[in-house]
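Structure, as structure tokens:
Protein chains get the first letters and strands the later ones, always in sequence-line order, with residue 1 at the start of each. If you're wondering where the values come from, they're calculated on a predicted model, not measured in any experiment.
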Number of protein chains: 2
Amino acid sequence: MATLEDIAVSAALNILTTFIILIAFAILRIQSLNDRVYFPKWYLKGIRTSPTHSGAFVRKFVNLDFRSYLRFLNWMPDACMMAEHELIEHAGLDSAVYLRIYLMGLKIFVPIGVLACAVLAPVNFTNSTLGKKAKQWKVTSSDIDKLSTSNIPFKSERFWAHIVLAYVFTFWTCYVLMKEYEKVAAMRLHFLATEGRRPDQFTVLVRNVPPDPDESVNELVEHFFSVNHPDHYLTHQMLINANKLDKLVKKKKRVQNCLDNYQIKYSKDPSKRPVMKTGFLGLCGKKVDAIDHFEKLSEKIADERERVVSDPQSIMPAAFVSFKTRWGAAVCAQTQQTRNPTIWLTEWAPEPRDVYWKNLAIPYVSLRIRRLIIGVAFFFLTLFFMIPIAFVQSLASVEGIEKAAPFLKPLVETKFIKSVIQGFLPGIVLKLFLIFLQMILMIMSKYEGFVSLSSLERRSASRYYIFKLVNVFLGSIISGTAFEQLNSFIKQSANEIPKTVGVAIPIKATFFITYVMVDGWAGIALEILRLQPLIIYHLKSFFLGETETDKEEAMDPGSIGFNTAEPRIQFYFLLGLVYATVTPLLLPFIIVFFALAYVVFRHQIINVYNQEYESGAAFWPDVHKRVIAALVISQLLLMGLLSMKEAAQSTPFLIALPVLTIWFHRFCTGCYESAFVKYPLQEAMMKDALERAREPNLNVKDYLRRAYIHPVFKTADEDEDEIDMLFGSRENENVLIPTKRQSRRNTPVPSRSEISDASSQSPSLPDTVRESLEP
Amino acid sequence: MATLEDIAVSAALNILTTFIILIAFAILRIQSLNDRVYFPKWYLKGIRTSPTHSGAFVRKFVNLDFRSYLRFLNWMPDACMMAEHELIEHAGLDSAVYLRIYLMGLKIFVPIGVLACAVLAPVNFTNSTLGKKAKQWKVTSSDIDKLSTSNIPFKSERFWAHIVLAYVFTFWTCYVLMKEYEKVAAMRLHFLATEGRRPDQFTVLVRNVPPDPDESVNELVEHFFSVNHPDHYLTHQMLINANKLDKLVKKKKRVQNCLDNYQIKYSKDPSKRPVMKTGFLGLCGKKVDAIDHFEKLSEKIADERERVVSDPQSIMPAAFVSFKTRWGAAVCAQTQQTRNPTIWLTEWAPEPRDVYWKNLAIPYVSLRIRRLIIGVAFFFLTLFFMIPIAFVQSLASVEGIEKAAPFLKPLVETKFIKSVIQGFLPGIVLKLFLIFLQMILMIMSKYEGFVSLSSLERRSASRYYIFKLVNVFLGSIISGTAFEQLNSFIKQSANEIPKTVGVAIPIKATFFITYVMVDGWAGIALEILRLQPLIIYHLKSFFLGETETDKEEAMDPGSIGFNTAEPRIQFYFLLGLVYATVTPLLLPFIIVFFALAYVVFRHQIINVYNQEYESGAAFWPDVHKRVIAALVISQLLLMGLLSMKEAAQSTPFLIALPVLTIWFHRFCTGCYESAFVKYPLQEAMMKDALERAREPNLNVKDYLRRAYIHPVFKTADEDEDEIDMLFGSRENENVLIPTKRQSRRNTPVPSRSEISDASSQSPSLPDTVRESLEP
């Protein structure tokens, strides 16, 4: 058991690490060489370009302005200064709401931490159980444990303090959760209401169009919706199965990159034809003439393109159906079309960027079977995932290496290498497997058939959370693989399980404090340093070339990565709630994590990340649900702990807590969840009326004509102008900042232009119309 | 342990009882005196009237035609002869589908029974475990147990037979369930599609209209729907809080009945004014002059009526909103109206007869809190209900009575009375408490705030099923109150629970065989005898009077009583599925129950029951769900039983069964449930187009004008003509059978007239319109 001093030393070390990382970041970020690594978002928005100072050659790469070194921490206040509505304009609602999760952590844990330390620390500390035991058994107990419930004697009346505080903490957490849910729902609705015209507002995704012997899918869709939504149906976009074409286009792009480099390097020597390898990453495979290869590919693509467009076989039984009004689309998305609920399935179309094209045409029965398969697979993955890790870790130990490769023995026995192997290798193995796990989870979600990137990420996130809960949280506490845990749980009675876990919890407090410092503090600091993108960017720009396009290609802004980042935060919520009543000393560490992560991610969101899509904070119900789950787990464990302490009189008072918490969750779901899944008719009607008053001659059909086209028909060079036609027109309309150029990767700026759009145009709305719109 | 002979004796006794009851019924039903008890449905339909034979006085009461006594069992084929579509026309879809539950029982259990008896009986019987044990321990084992799994030695390879059959039974049950779900869904959709115009097709119930300082609820509703459903909104009907008026009207009706009798009896003596008591049932309270009292009541009612209609305070924040088309109503019912999902809640309006008026105006938050309260209350009710029963039963024992009232000792010690007390009193106490329980469950459902009678009954049914499962099934097996069970379950490990129950199951087989015979066979036979309504009818018609109205008043057709009858059937599904692999001998008894109950209930539905409402078989998803639950329970118990028998090799093969079953349930829910909760737009559009073509000048507004009016505004005498205006007009249109008079209680004949309506009129439909309607 660690003493307070051990913790202090560990904390000092971790704080030092964190500071070193932050200073390294502060120095690296002001070097103009790294500008594209630390400010890619501004490049993508077209506000920043490569530094073109007409000065010394060195200044192009290294910052020689020493004054800027003095202000090396000023990114922190900078990151916090941008107001929330500006942030929404700048980075989208998803990112802004994502930050609110950290803020919610602070809101929950700061008051809880103060109260717990003020009340529980003295209650726990003024006992002498551990002291007595120490004398009796001649073991030294640590100070940390003196501050935890371990120090309270059996059947003590003092447990009433814990029970009362458990109620207080639950009510406070629920209160904050409800307020946040309310706020985020309002933000989402406001966001949807104020954003401008977007294709997905008018469009519904129709899946499982039944086959018809007499009509083509195209005609069928048109007839069906003309009959059943006669006043509202406008047009539809058939879906073409372009997976093969997609592959070819991607291949061609790779070849072209290669070719561009060759052309620059060998433009002076036309006799030397560029040669490339066809295999993996251009590193293996047979050598071919690059120009020939490129031309062949172009031909193939043209053929495939023609085939795909003309072949009726490549039309998928699904379509994007657009309506004349938002009202019509809202109605169609929320209602059932035919008797058979497995055909003509309608749902809101995701944003065009958000569509996951490959999954659009999976039949209903297949979908259900896939869910079953993945459910079973995930169950076994969770149970047995730790087994290969343990196996590889045993191989990666000093003894393992010596056994597998005896000739390495002298090398391995070297003191330095031995300590590296012992200290780092197991951790690296675990980290690698976890990265691998995230990929597996993503593949699982894709196989399950979700049709939008956002839902894929949400699904992976909830799976990853369950995995962490079972394998990291319970795994650390009971120490054993998930399968061993399951085995022991099955053989224990229902009231023994919380006891088993509850007993282990106070003991593991010091472990989790260290975990928070290493994974939370230093890990978050590493996030801002962006080591991996930094190295890759410099490697790429060194090897690939120096054109503007190449630099943009080498730049990797990344994104929040909801599927991995959110479960990570949730883990801290779990730790905080579980330990709030048991070992309140853990709370300050968690509060520091939330504060640091908030600042870091705010900075990253402002300067770095480029979200691929905008789901309008559709993930919030999941966040809420998981905090509730953590709350219920903490209550059950407290019950187990207290019943183990034989506080039989007081424990039954805790039973009401999980019941009330679950009821609260259902109440909140009833009140707010619909904001995230449905689109109220009143809102749709209001926007329709507003638009009709403002632009009476708008041609919606023309606007929607090519909104939902498979990206493969857009990304090819010849369609560059078409993209402009489709997206550029909107982005060009109302831009606040003078745009120097349009990025090829379209960054989400839907809200900014739209808000200004709405505010600037609404005064022109006739008063009568406005009045009629107010409910 | 009972031997086969014991079972045979018990069976003979029960068969005898059942036959005596059936013969008694056969004799009683052909007496013209009892005509209104055994054929009330035909009276309500107006097809049958009181016998007015101009013959001997005796023949008016007793059937003297001896030939009819010879054919005393011919009601059975009669009951079976009516085809299903005729049955739907005659008694409604609810009743017809209710019968299908029994039919489904036969479909599931006849093949399973044959297979189980053919395969498992020899497999179990040819062992000698019990014989050996018997020799060893000198106990006699019964033949029944030789046929059960108890007879198979530990770790036997023969358990593979049980496992394979468990798979076969599960697949067969699921197959039948799916076919039935499909069929019932199709029947429901066909029923909805072919029935004629009904107010609820055009109407949506809107609840939680938010208060508005500027507008009355009336104006608010009109404005809201004119703005948000401009093309479809037609009219609306405000809801008036008429609970007080309702009470007064009911009181007046009672007084009037009394008055009518007096007037007949004392018409010759005008000096003697009728006198009545105001208290309970006219039996206690102070005496008042009946005519005065009646007049005062009439005045009060008129006052209250005026107050209620004019007072804006009595208008509830809810309304029935009607639309021009079924399409418009379908859209409004399935969509969310405003940002806030707790106001302007829309759902399909129940049939006017089905509305439970008192619950229409409960606010959202209150509803959620009520759910929580009732949930907790039901939990404790289930746990502790057996305690007062046991207490009263102990009081009702011979010793208990002697203790409480020593002076009764000589009477109680009489042999006959003693045996009555010992044999019947505990059973009667249990029966009384169970009737009481059903009332409590109904009150709970009402408090929970459901808005239709059908949903009230469905909710009570599912609660009653859970109660029976815990207190009767588990209670008989583990013998103990639910609370004791819970206590022992909590203290057992998760894999011990199925073992504990599994071990007890084969032992309890004989008990359940007796249960099936007593509760199932004799109980169902008693159902057809209708002892209670028979006695009450004769008492009432003796005391109250002999006018036609009085006789109709005394007649009590009753209804299926879904909330108690369905959980009863489900209990037999549970028994059958649990014992199919364990003691196949139980199955024949269950098959006899299903067959007998099918015939009896078919007869009752044709001749007796008068359903209060028509929900279109909305209960089927619940039926399906509960059979699935029984299936999963049976699988878990089999797993427990086998693992107790240490068939460790084979048991893991059973784990896939519950997973597959639950997946199957979700699959079926996805495929068919929506037919019971949603109304597809295509269907609505088709019916609208059909109607428009057939009756282009239809005034829907006029048709709907008074459809949803609180019944209190209809039942008063002065509105008799209004009812005719509202309902009579429709009923008079197309009647197949010459109606002699209209019953005051409107019996549901929605489908007959409508089908003929549809079939007779559809030829006049232009071909072009028809073609355009086909999807």
So which of B/E683, B/E673, B/R371, B/H223 has the biggest tally of heavy-atom pairs under 4.5 Å with chain A? B/E683
Relative to chain A, which of B/G670, B/A675, B/A333 shows the most heavy atom pairs under 4.5 Å? B/G670
Determine the interplanar angle of the B/H229 and A/W327 rings, folded into 0 to 90°, and report it as parallel if under 30°, tilted if 30 to 60°, perpendicular if over 60°. perpendicular
Residue part contacting chain A, namely of B/T342, when any heavy atom lies under 4.5 Å: side chain
By the definition side chain to side chain contact (heavy atoms under 4.5 Å, CB included), identify the one residue from B/V227, B/N340, B/N228 that meets it with A/Q682. B/N228
I'd like to check [X] versus [Y] (side-chain heavy atoms, cut-off strictly below 4.5 Å). Are they in contact?
| X | Y | result |
| --- | --- | --- |
| B/F667 | A/I369 | no |
| A/K678 | B/P341 | no |
| A/R368 | B/C671 | no |

Does any heavy atom of chain B fall under 4.5 Å from the side chain of [X], the backbone, both, or neither of them?
| X | answer |
| --- | --- |
| A/T338 | both |
| A/W344 | neither |
| A/R666 | both |
| A/I662 | neither |

Rounded distance [0.5 Å steps], CD in B/Q337 versus CG in A/L681: 5.0 Å
If you compare all heavy atoms of B/P230 against all heavy atoms of A/M685, which two are closest, and at what distance to 0.1 Å? CD-CE, 3.2 Å
A/T335 versus B/V331, closest heavy-atom pair with distance: CG2-CA, 4.2 Å
No-hydrogen, no-angle side-chain donor-acceptor test under 3.5 Å, A/Q336 and B/S674: yes
Around atom NZ of B/K324, are there more than 12 heavy atoms from other residues, nucleotides or ligands closer than 6.0 Å? yes
